[in-house]
Visitor: 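Have a look at the structure that comes next, please.
Throughout, a chain's letter reflects where its sequence line sits, starting with A, and its residues are numbered from 1.
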There are 2 protein chains.
Amino acid sequence: MPTSTVENYLKAVLVRSADTESVVSTGALAEALGVTPGTITTMVKSLAAQGLLEHHPREGVRLTREGRALAMAVVRKHRIVETFLVQVLKMDWKEVHGEAEALEHAISERVLARLDALLGHPASDPHGDPIPGAKSPQLDPGSGQTLATCEPQTQLRVERILDQSAPFLEFIQRTGLKPGSRVRVRERDRASGVVRCELRTGEATLGLPEAAKIEVRAT
Amino acid sequence: MPTSTVENYLKAVLVRSADTESVVSTGALAEALGVTPGTITTMVKSLAAQGLLEHHPREGVRLTREGRALAMAVVRKHRIVETFLVQVLKMDWKEVHGEAEALEHAISERVLARLDALLGHPASDPHGDPIPGAKSPQLDPGSGQTLATCEPQTQLRVERILDQSAPFLEFIQRTGLKPGSRVRVRERDRASGVVRCELRTGEATLGLPEAAKIEVRAT
DNA sequence: ATTTACTTTTTGACTACTCAAAGTTGTCAT
DNA sequence: ATGACAACTTTGAGTAGTCAAAAAGTAAAT
Ligand SMILES: [Mn+2]
Ligand SMILES: [Mn+2]
Ligand SMILES: [Mn+2]
Ligand SMILES: [Mn+2]
């Protein structure tokens, strides 16, 4: 069985890989995992020796099929656990990430299947991130549209929150925006970078960089 | 934060300590934890250095207040998780122990409190083992009566299953006996060691050693 | 073609946990 | 007392994961 360290490393590579071709730099992994660059190099060589990824020295790292499958299973656990914590245990969706970070390594396939059934086989987690299927292990296409790039005045639905840092989740919680919310961009000022949105419960004002972190889809 | 290894060691000491006075032998711990005796000696010295237990060389080991509190918290998590797995996820009560063995180290106090509330603050787990309270951290008094020692012909209630090995759980599952079951001992043959019990759904026959592993209380 | 700055890798060291095998010690039967 | 034996501890070694600091490579700026 892979250790939780190994699972965390592979997951970090997965969520930072745009496509199957691209490599992820060791520096980015060091940053993401909160360890020194030397540690990444050491670990990456060990993971490569185990056939979980390819190390292209001074270039970066790419998952093998096996490594990707393992990482995807971890992501699936993480997102189902988050969904459970929010929907069943009624926890705040801005505090579940940390809990899931530990639980994703302790949940067996058997328990996972039960949770998934209890939740009605959800397609996305509380942040709007897609849950890779049990059999169809594929990751997010993503509409690519955000509040910063969408057509103004059209009816939109918030799909997912791209930035899941604590301060940003805190911020949008106050605006009332969350996955599933209906919104329409009222006005977007190129110069000042202000985006004003109308939503069911009132109005929200955010800056352009913030608007870019909220993925939407036309309805 | 203590590692899960430390938590498992302390828990193993706790559940093998009759009272606060008695010591647990390192050999018993090696057996229980599935490691060599030398490993226990090494770890025990390290735990003693951390103030979690006292090591009396060649005698045994005793938890400190701090070590006992930590171990009790782990037992509480273990038993609440088991209860959750059975009551909410409808898992088989003979397969939840292994799952809880891992989850007990990954559940935060916050999640624990939510689970506890969801379950209605249960007093005992699916095997009948008492759940130490959040504030009143105390462990099982236990009636001490078993199907092997109780008064025959009286109305009894199964309190807990003392032997939780897979084969025994498998066995009593077939008999229909489980915590909460009503039973009456019909006949107990000293010579052959056969104990015949009457229960709601029929009759169960077990050997004396098996009967000793089922704790009951008069109703 | 050098220099500079930045990233990545290497090296040496340390903690936590574990085992196999050798060494001790306490107890109990002679 | 004297062994003999079982239980326990010590020793030496190995894996996994980590860091600090030194070394090496890359690429852009001069
Ligand atoms: Mn994790
Ligand atoms: Mn999420
Ligand atoms: Mn455990
Ligand atoms: Mn139990």
Visitor: Charged N to carboxylate O under 4.0 angstrom, A:E104 versus A:R76?
Guide: no
Visitor: Is any N or O donor-acceptor pair between the side chain of B:R58 and the base of C:dT24 shorter than 3.5 Å?
Guide: yes
Visitor: Rounded to whole angstroms, how far apart are NE2 on B:H105 and C1' on C:dA16?
Guide: 16 Å
Visitor: CE of A:M1 versus C1' of D:dA16: gap in Å, rounded?
Guide: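 From A:M1 CE to D:dA16 C1': 17 Å.
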Visitor: It should be established whether A:T26 places a side-chain nitrogen or oxygen under 4.0 Å from OP1 or OP2 of nucleotide C:dT9.
Guide: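 For C:dT9, OP1 or OP2 has a side-chain N or O of A:T26 closer than 4.0 Å.
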Visitor: Given C:dC17, is OP1 or OP2 found less than 4.0 Å from the side-chain N or O atoms of B:T39?
Guide: no
Visitor: In a check of side chain to side chain contact (heavy atoms under 4.5 Å, CB included) between A:D129 and each of A:E82, A:H78, A:R160, A:E159, which one passes?
Guide: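 Single pass found, and it is A:R160.
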Visitor: Roughly, in whole Å, what's the span from CD in A:E7 to P in D:dG17?
Guide: 11 Å
Visitor: What nucleic acid atoms does B:T3 come within less than 4.0 Å of, heavy atoms only: base, sugar-phosphate, or nothing?
Guide: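 The residue B:T3 makes sugar-phosphate contact but no base contact.
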Visitor: In whole Å, what is the span from the CD atom of A:E59 to the P atom of D:dG25?
Guide: 15 Å
Visitor: What is the distance, to the nearest angstrom, from the NE2 atom on B:H55 to the C1' atom on D:dA7?
Guide: 12 Å
Visitor: Does B:G27 reach a base, just sugar-phosphate, or nothing at all? Heavy atoms under 4.0 Å.
Guide: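 Sugar-phosphate contact only - B:G27 comes under 4.0 Å of backbone atoms but never of a base.
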Visitor: Checking contacts here: which listed nucleotide (D:dT9, D:dC19, C:dT18) is nearest the side-chain heavy atoms of B:T5?
Guide: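 Minimum distance to the B:T5 side chain belongs to C:dT18.
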Visitor: Measuring to OP1 and OP2 of C:dT18, would you say a side-chain N or O of B:Y9 lies under 4.0 angstrom away?
Guide: yes
Visitor: Over all strands shown, is A:T41 touching base, sugar-phosphate only, or nothing at heavy-atom distances under 4.0 angstrom?
Guide: base
Visitor: Rounded off to whole Å, could you give me the CE-to-P distance for the A:M43 and D:dT15 pair?
Guide: 15 Å
Visitor: Under 4.0 Å between a Lys/Arg side-chain N and an Asp/Glu carboxylate O for A:E101 and A:K11?
Guide: yes
Visitor: Before giving the answer on side-chain contact (heavy atoms from CB on, under 4.5 Å), spell out for B:V185 and B:R196 the whole-Å C-alpha distance, their side-chain angles and the decisive distance to 0.1 Å.
Guide: CA-CA 6 Å; B:V185 171; B:R196 207 175 306 280; over 6 Å; no
Visitor: With respect to the phosphate group of D:dT9, does any side-chain polar atom (N or O) of B:T42 fall under 4.0 Å of OP1 or OP2?
Guide: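 False: B:T42 side-chain N/O out of range (4.0 Å or more) of D:dT9 OP1/OP2.
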Visitor: Whole Å only: how far is the NZ atom of A:K45 from the C1' atom of C:dT8?
Guide: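 One finds 11 Å between C1' of C:dT8 and NZ of A:K45, rounded.
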Visitor: If we check side chain to side chain contact (heavy atoms under 4.5 Å, CB included) with A:Y9, which of these qualifies: A:T3, A:L33, A:L14, A:V61?
Guide: A:L33
Visitor: Among the candidates C:dT9, D:dC19, D:dT9, find the nucleotide nearest to the side-chain atoms of A:V35.
Guide: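 Nearest to the side chain of A:V35 among the choices is D:dC19.
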Visitor: Can you tell me how far P of C:dA20 sits from CD1 of B:I40, to the nearest Å?
Guide: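 Atom-to-atom, B:I40 to C:dA20, this comes out as 14 Å.
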